[in-house]
K.L.:
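This structure is in structure tokens; I'll ask about it shortly.
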Amino acid sequence: MSREERFNAAMERQQAAVRECIAQASDERSLIVLLTGDGKGKTSSGFGMVFRALGYGQKVAVVQFIKGTQPSGEEIFLRERFPEIPFYQMGTGFTWDTQNFVADQAAARRTWEQALKLLQRDDLDLLLLDELTYMLAYKFLDEDEVLTALRERAPQLSVIVTGRGGGTALRELADTVSEVKNHKHAFDAGIKARKGVDY
Ligand code: ATP
Ligand code: MG
């Protein structure tokens, strides 16, 4: 067999295997995707799916459980070009620095109330809950309440959750779980966070 024939035969086998897998995936329903791990790429992957969904004309919403003093590129883009898209941030009142548990929990709670409403909407296709895992880790939100709301969401709605950790119950509930592993990060070599790459 020539190199070309071997290549073509291998491709045919691969194609048959892929077709077999596709044929076996017969369920069709909305998904929970968890993007976790200590490497860079969780939030940006989440927004990648948001933009992917927008490409098909789907309806999306974003809730970011971050302090948000400076708007990220994704936020600027969506707020300016798609002002109709629901976009909530924990924003002011959330103080990583001052260790004010009561104020932080209240801010998390207010933001979660927005997420709760979005989780029930029957006209949304995709909801990004960015950095939600930290709200569970810090016990700002009740894990049972969050998991129940995710489980009992509007049936057509897929949800992306990002952030390190998140706990085993969330991992079990999610349909797709990806862990981004940190091999190295430019920051550790003293390189400043880069506009358009890091934020
Ligand atoms: P991104 O928003 O780039 O997808 P992320 O959501 O995976 O990153 P976060 O933990 O939310 O990561 O942190 C966001 C910021 O922190 C980004 O500027 C990112 O480059 C930086 N960052 C992420 N992982 C690391 C790391 N392992 N070491 C240093 N900085 C990191
Ligand atoms: Mg992130």
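We count ligands from 1, going down the list as the structure has it; atoms in each ligand are counted the same way. The basis for the numbers below is simple: all heavy atoms, side chains too, and nothing from hydrogens, waters or symmetry mates. The structure presented is a predicted model; accordingly, all values stated were derived computationally and were not measured.
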K.L.:
Taking only heavy atoms of G41 into account, list the atoms of ligand 1 that are under 4.0 Å away from them.
P.N.:
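In order of numbering, the contacting atoms are 1 (P), 4 (O), 5 (P), 7 (O), 8 (O).
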K.L.:
Compute the shortest N/O to N/O distance between K40 and ligand 1 and return yes if it is under 3.5 Å, no if not.
P.N.:
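Yes, at least one N or O pair falls under 3.5 Å.
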K.L.:
Applying side-chain contact (heavy atoms from CB on, under 4.5 Å), can you list everything that pairs with T162, at least two apart in sequence or on another chain?
P.N.:
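For T162 the side-chain contact (heavy atoms from CB on, under 4.5 Å) partners, ignoring immediate neighbours, are L35, K42, T43, L128, D130, E131, I160.
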K.L.:
Would you mind checking if E179 and R171 are paired as a salt bridge, meaning a charged N to carboxylate O distance below 4.0 Å?
P.N.:
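Yes, this pair counts.
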K.L.:
Leaving out waters, which are not shown anyway, how many protein N, O or S atoms lie closer than 2.8 Å to the Mg ion (ligand 2)?
P.N.:
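Number of qualifying protein atoms: 2.
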K.L.:
Record the part of A193 in heavy-atom contact with ligand 1 below 4.0 Å; permitted values are side chain, backbone, both and neither.
P.N.:
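Contact part for A193 vs ligand 1: neither.
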K.L.:
For atom 4 (O) of ligand 1, what is the closest protein heavy atom, and at what distance to 0.1 Å?
P.N.:
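Of every protein heavy atom, S44 OG, 2.5 Å lies nearest to atom 4 (O) of ligand 1.
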K.L.:
State, without any angle test, whether S72 and E74 hold a side-chain donor-acceptor pair at a distance under 3.5 Å.
P.N.:
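Note: S72 and E74 side chains meet the donor-acceptor criterion.
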K.L.:
With the threshold set at 4.0 Å, does a side-chain nitrogen-carboxylate oxygen contact exist between D175 and R29?
P.N.:
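Result for this pair is yes, salt bridge flagged.
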K.L.:
Is K59 salt-bridged to D123, going by a charged N under 4.0 Å from an acidic O?
P.N.:
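Yes, charged N to carboxylate O under 4.0 Å.
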K.L.:
If you have a sec, work out which protein heavy atom is nearest atom 21 (C) of ligand 1 and how many Å separate them, to one decimal?
P.N.:
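Nearest protein contact, heavy atoms only, for atom 21 (C) of ligand 1 is H185 NE2, 3.7 Å.
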K.L.:
Determine, for R109 against E113, whether the closest basic-nitrogen to carboxylate-oxygen distance falls under 4.0 angstrom.
P.N.:
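Salt bridge: yes.
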K.L.:
Which pairs count as ring pair (Phe, Tyr, Trp, His ring centres under 6.0 Å) when at least one residue sits in residues 156-192, sequence neighbours excluded?
P.N.:
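Passing the test, one end in residues 156-192: no pairs.
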K.L.:
Do me a favour and list the nearest non-hydrogen protein atom to atom 17 (C) of ligand 1 with residue, atom name and distance?
P.N.:
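Protein heavy atom with the smallest distance to atom 17 (C) of ligand 1: D198 O, 3.3 Å.
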K.L.:
Can you name the side-chain contact (heavy atoms from CB on, under 4.5 Å) partners of V102, sequence neighbours left out?
P.N.:
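With sequence neighbours excluded, V102 shows a side-chain contact (heavy atoms from CB on, under 4.5 Å) to N100, given in chain and number order.
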K.L.:
Could you state the interatomic distance from CE (M135) to CD1 (I66), rounded to the nearest 0.5 Å?
P.N.:
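That separation rounds to 10.0 Å.
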K.L.:
Counting from 1, what ligand 1 atoms have a heavy atom of D38 closer than 4.0 Å?
P.N.:
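The list of qualifying atoms is 24 (N), 26 (C), 27 (N).
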